[in-house]
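Here you go, one structure.
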2 protein chains.
Amino acid sequence: MSAIADVARLAGVAKATASRALSGRGYVSIETRAKVIAAARQIGYVASPNAASLVTGRTQSVGVIIPYISRWFFGEVLESLELALLEQGYDMTLYNLPPASPERDRVFEFFLARKRFDGIISVCVELSEQEVEHLHQLRRPLVGIGGPIRGVATIEIDDVAAARLATEHLLSLGHRDIVHVGGSQVDEMDFQVHSNRLRGFEAAMTAAGLPVSGCFYSSEFTTPGGYARGLAVLGDPRRRPTAIFAASDEIAFGLILAARELGIRVPTELSVIGIDGHPHAEMFRLTTLAQHPRMQGELAVRTLLAGLASGSSVGASAVLPTSLIIRSSTSAPRMLRGLGAQ
Amino acid sequence: MSAIADVARLAGVAKATASRALSGRGYVSIETRAKVIAAARQIGYVASPNAASLVTGRTQSVGVIIPYISRWFFGEVLESLELALLEQGYDMTLYNLPPASPERDRVFEFFLARKRFDGIISVCVELSEQEVEHLHQLRRPLVGIGGPIRGVATIEIDDVAAARLATEHLLSLGHRDIVHVGGSQVDEMDFQVHSNRLRGFEAAMTAAGLPVSGCFYSSEFTTPGGYARGLAVLGDPRRRPTAIFAASDEIAFGLILAARELGIRVPTELSVIGIDGHPHAEMFRLTTLAQHPRMQGELAVRTLLAGLASGSSVGASAVLPTSLIIRSSTSAPRMLRGLGAQ
DNA sequence: AGATTTCATGGAACCGGTTCCATGCCTGCC
DNA sequence: GGCAGGCATGGAACCGGTTCCATGAAATCT
């Protein structure tokens, strides 16, 4: 409703002066500034960033592209991004881009090209060369979460190391018959998360002198996905592993539910470890390698805004820590226990 | 980068003509339009809605306020809102406003007042009189999901009826000792969902001639919340109900987990029914009263855009249907079964 | 054929801010 | 005392679109 011209008129100054007083740039006397601020408050004036963006090029808004909203990791990242941006006065505009979204091209060619954003944060979206090119043409800072993009600052965890640590935890307990249930490399856009976790698993197994062939089963990254896979993998008693490394906590929950349903005791007969640090892990007593999505979100915002302030396009990438949280879904395999007890 | 003036120059026409050709408003000859469109494509021109919004007042952007992102219902609503808005060319800017958010006032007084949105969708946010007033002052259409706001179109389900139906399902199976586990009215902003579901429960119980005092237990609206409450409520065998009506599927999952842990068989010894239609319900074989958050999101967008087109501020409210999905978490109580078998 | 419409286009104003530039005052310094 | 420089302010241009208005040509009507 009210424009800066109204504020200026009410305060008895020129538009230019009102603008300087409110934005804090340029010379304004203390009294004038007070007058202008009082006038602005009186008529409930809030500046339109759209109008300002025309001349400054700054929109006070950031675009976020993300493949899922409901899955835990993404929900957490989103909440932390929103909060961090809000604190800095930025709006967050959200584009949900699931793997095979028909809207994908339109988002890159139309929505993101509308000069609406000061920067873009891409959360675990596997970008094609062409899409990266599109984004770079916007000449805006770009930060990735969860995986590398060419020429872009990235906030991530070391998925290979995390998977390796998780697997080594099982190995150190004495397990030799270990299976990895993780994301498929073909079905979903995986942003290298799936394959990195598989590589970490294989590295740990190989280092322990164990074979890896036939030890991987794919699953949707969800609890029902893990459950379905669990029923299949654990259904045959003769070929049952003593431990499973799940690529995510949500998969692990499903595996535990399947095991319970099949009457397999966890951890006595089956150890399960996940990756994430999901809040439900406590309830399932799940041993997990916790990552910290909120930290990743906050750091991504800091990196983006730093790039914005400095004008440099590429900020510093960061690899965030993970931590092993041992609960009671993992233990030594029964066989060994028996031996130990003798 | 490129502005409409560049397009006009390249096409050899005036800015005004280029604008008309691209927007499709006003008279332009077919050949001229083709020329302009070709020129625009050639230099990769995408109009800046920010610039356009200055004169048209339309921003092609909608603000959404929502208390949670991770909880299932909200995630689903969000995904459907984003998709529906995207299809219509609108951006979705997200404000996450958990119950006791310290950012709350700033969002209403600053962020939402920036003239950035053509309309606002409020998802299950309990608004104070003052906040409603603030929103109305923006003179923009406003649509609520999940509960009534004064003078605003609302998309919702009938929570009282849904709770009543769920309870009646248990009653019709022969249960008499039924407990309701739902949200607290004090702890969280509840948008009347909690109290409405409690009212529906009490209405059904009273109609069946059963007492309601002592039959309600509060819980966080999450699986761990239901789990904790389940351990407490089901822990004492002497005071154990034969059936529980959970206010959400996520609570119900927790209750089922707690029951399993206590060695209580579902549904033989305990029936559980929820509300939601959560995708995990299949895995838990949970009987539930399904609502359809995606329908609610789509309808909210349709209502908002209709209000936008017509210029009328208040659209039509709608009450969406729910459907009872019977799985095997509910059955007749054991006692009756025994009788029936005789 | 002359008078209206309808169509097509260009020029210019405008939306709401920011910023450049010019102006004038006051202070400090040589 | 005159001049340079810092401070405070106003006028005007500008950002990138849309739209009003004027103009002229072609089509339609009387």
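A, B, ... follow the sequence lines: proteins, then strands. Residue 1 opens every chain.
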Check each residue of residues 9-19 of chain A for a non-hydrogen atom within less than 4.0 Å of any atom in DNA chain C, then write out the ones that pass by number, or none.
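DNA chain C contact set from residues 9-19 of chain A: A:Lys15, A:Ala16, A:Ser19.
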
Which residues, if any, of residues 25-42 of chain A bring a heavy atom under 4.0 Å of DNA chain C?
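Residues of residues 25-42 of chain A under 4.0 Å from DNA chain C: A:Arg25.
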
Do you know which two heavy atoms are closest between A:Ser53 and B:Asn50, and how far apart they sit?
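The answer is OG-ND2, 3.4 Å.
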
Value in whole Å for how far the P atom of C:dG17 lies from NZ of B:Lys115:
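Taking NZ of B:Lys115 and P of C:dG17, I get 5 Å after rounding.
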
At how many degrees, to 10°, do the end axes of the helix from C:dA1-D:dT30 to C:dC30-D:dG1 meet when each uses five pairs?
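That helix gives 40° between its end axes.
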
Round to the nearest Å and state the distance from A:Arg20 atom CZ to D:dT9 atom P.
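Taking CZ of A:Arg20 and P of D:dT9, I get 8 Å after rounding.
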
If you take any heavy atom closer than 4.0 Å to DNA chain C, which residues from residues 51-62 of chain B end up in contact?
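B:Leu54, B:Val55 - these, ordered by number, are the residues of the stretch whose heavy atoms sit under 4.0 Å from the strand.
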
Taking only side-chain N and O atoms of B:Tyr45, does any of them lie within less than 4.0 angstrom of OP1 or OP2 on D:dG16?
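Answer is no, no contact under 4.0 Å.
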
Could you check whether A:Gln296 and A:Gln291, counting side-chain N and O atoms only, form a donor-acceptor pair closer than 3.5 Å?
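Yes.
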
Rounding to an integer number of Å, can you tell me how far B:Arg116 CZ sits from C:dC15 C1'?
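Spelled out: CZ on B:Arg116 to C1' on C:dC15 is 16 Å.
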
What is the distance, to the nearest angstrom, from the CD1 atom on B:Ile4 to the C1' atom on D:dC15?
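Taking CD1 of B:Ile4 and C1' of D:dC15, I get 14 Å after rounding.
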
Distance, rounded to the nearest Å, where A:Arg114 contributes CZ and D:dC15 contributes P
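Distance check: A:Arg114 CZ to D:dC15 P gives 22 Å.
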
Might you point out which heavy atoms bring B:Asn96 and B:Ile66 nearest each other, and give the distance in Å?
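Closest approach of B:Asn96 to B:Ile66: ND2-O, 3.1 Å.
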
Is any NZ, NE, NH1 or NH2 atom of the basic residue among A:Asp118 and A:Arg140 found under 4.0 Å from an Asp or Glu carboxylate oxygen of the other?
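Result for this pair is no, no salt bridge flagged.
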
Just how far, in rounded Å, is P of C:dG16 from CG of A:Asp6?
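Rounded to whole Å, this separation is 8 Å.
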
Side chain to side chain contact (heavy atoms under 4.5 Å, CB included) partner of B:Val301, the single match among B:Ile121, B:Val62, B:Val143, B:Ile155
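That would be B:Ile121; it is the only one of B:Ile121, B:Val62, B:Val143, B:Ile155 passing the side chain to side chain contact (heavy atoms under 4.5 Å, CB included) with B:Val301.
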
Residues that B:Arg106 engages under salt bridge (Lys or Arg N to Asp or Glu O under 4.0 Å), provided they are two or more places apart
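Partners of B:Arg106 under the salt bridge (Lys or Arg N to Asp or Glu O under 4.0 Å) test: B:Glu103.
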
Less than 6.0 angstrom from the centroid, inside 45 degrees of the normal: does B:Arg71 satisfy that with respect to the ring of B:Phe74?
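Pair B:Arg71/B:Phe74 does not count as cation-pi.
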
Heavy-atom pair of closest approach, residues A:Arg33 and A:Val28:
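Shortest heavy-atom separation between A:Arg33 and A:Val28 comes out as N-CG1, 3.8 Å.
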
With a 3.5 Å cut-off and sequence neighbours excluded, list the donor-acceptor pairs that the side chains of residues 12-26 of chain B form with protein atoms.
unit_1  : atom_1 : unit_2  : atom_2 : d
B:Ser23 : OG     : B:Ser19 : O      : 3.0
B:Ser23 : OG     : B:Arg25 : N      : 3.4

Exercise: identify the closest heavy-atom pair between A:Phe221 and A:Gly183:
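The answer is CE1-N, 3.2 Å.
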
Going by atom types alone, do B:Tyr95 and A:Asp91 pair a side-chain donor with an acceptor below 3.5 Å?
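There is such a pair between these side chains.
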
Candidate pair B:Val123 and B:Leu81, rule side chain to side chain contact (heavy atoms under 4.5 Å, CB included), full reasoning:
CA-CA 10 Å; B:Val123 185; B:Leu81 288 177; 4.1 Å; yes

Is it the case that over 12 heavy atoms from other parts of the model lie below 6.0 angstrom from the CD atom of B:Gln130?
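It does not: B:Gln130 CD has 12 such atoms or fewer within range.
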
